[in-house]
Amino acid sequence: MEETLTIIKPDAVRAGNAGRIIAHLEDAGFVIQAIRRIRLSRAQAEAFYAVHRERPFFEDLVAFMTSGPAVAIALARENAVAHLRDTMGATDSAQAAPGTIRNLYGTNIQNNAIHGSDSPDNARVERAFFFAGCDLVG
Ligand code: ATP
Ligand code: MG
């Protein structure tokens, strides 16, 4: 099975939708290998989204991701990276297809409820950011 990493973002946790999103992911066939409630520091958020450092929305993104608790989850499934992206929907919640997590629980292009790794290589890096090997349960 392929592995990936998701974060239920602070907007969704604040709205009380973490449990519904976890159920949505399980219904979509993902196995939860590890799960942690997190509160990102500024340095952690900047490191996690370092690829976007030069983008105009970077400061707002860091402020959003540090605005409250989030939930990091290590996931496994066949074709997990691509399937998670499909299950999440488009980055802009207003454009996300009906029934996707961002359509159901996101608000706009920034407050979009959920993060998903965009490649197997990035999934490995992002999983190691939050979880040690001993945390992961098949
Ligand atoms: P994520 O990496 O969180 O799974 P994504 O891969 O769909 O989202 P990215 O392009 O990697 O989208 O952007 C990372 C995050 O930055 C988005 O999820 C969103 O929260 C924020 N973001 C992206 N584009 C914009 C924008 N134009 N304005 C404001 N925020 C944005
Ligand atoms: Mg991304």
Side-chain angles (χ1 to χ4, degrees):
M1 282 209 289
E2 193 172 83
E3 297 177 336
T4 191
L5 184 282
T6 190
I7 301 174
I8 303 173
K9 293 185 179 182
D11 59 330
V13 173
R14 203 154 33 235
N17 287 324
R20 275 177 279 276
I21 292 172
I22 292 165
H24 192 121
L25 292 168
E26 287 190 321
D27 289 345
F30 290 94
V31 172
I32 294 173
Q33 298 175 297
I35 184 165
R36 276 183 62 202
R37 183 171 159 100
I38 56 172
R39 176 78 194 252
L40 289 179
S41 68
R42 181 175 181 83
Q44 287 172 327
E46 286 178 354
F48 188 81
Y49 278 119
V51 64
H52 295 311
R53 198 179 296 275
E54 305 305 326
R55 307 283 283 277
F57 57 81
F58 184 69
E59 281 302 316
D60 288 343
L61 175 60
V62 169
F64 166 52
M65 291 302 293
T66 58
S67 68
V71 179
I73 311 174
L75 295 171
R77 210 204 95 114
E78 258 177 55
N79 202 20
V81 170
H83 197 78
L84 176 61
R85 302 290 302 194
D86 287 347
T87 304
M88 287 163 38
T91 303
D92 184 351
S93 303
Q95 309 289 330
T100 60
I101 291 173
R102 283 170 165 166
N103 166 258
L104 291 168
Y105 303 113
T107 306
N108 54 39
I109 197 167
Q110 178 185 265
N111 294 19
N112 58 6
I114 188 166
H115 163 84
S117 305
D118 61 10
S119 70
D121 280 349
N122 282 340
R124 269 185 286 281
V125 172
E126 293 181 356
R127 286 163 64 93
F129 194 90
F130 292 111
F131 298 105
C134 62
D135 293 327
L136 301 167
V137 179

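Whatever order the structure lists ligands and atoms in, that order sets their numbers, starting from 1.
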> Under the salt bridge (Lys or Arg N to Asp or Glu O under 4.0 Å) criterion, do Glu59 and Arg42 qualify, and how do the steps go?
Replying inline: CA-CA 10 Å; Glu59 281 302 316; Arg42 181 175 181 83; 2.8 Å; yes
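- Side-chain N/O atoms of Glu126 and His115 include a donor and acceptor closer than 3.5 Å.
- When the options Leu61, Val62, Thr66 are evaluated for a side-chain contact (heavy atoms from CB on, under 4.5 Å) with Glu46, the one that passes is Val62.
- Closer than 4.0 angstrom to ligand 1 by heavy atom are Lys9, Tyr49, His52, Phe57, Leu61, Arg85, Met88, Thr91, Arg102, Ile109, Gln110, Asn112, His115, Gly116, sorted by chain and number.
- With sequence neighbours excluded, no residue forms a ring-ring contact (aromatic ring centres under 6.0 Å, His included) with Phe58.
- With a 6.0 Å radius and a threshold of 12 heavy atoms from other residues, nucleotides or ligands, Arg14 has its CZ atom above the threshold.
- Using bins of under 30°, 30° to 60° and over 60° for the plane-to-plane angle, the ring pair Phe130/Phe48 lands in the tilted bin.
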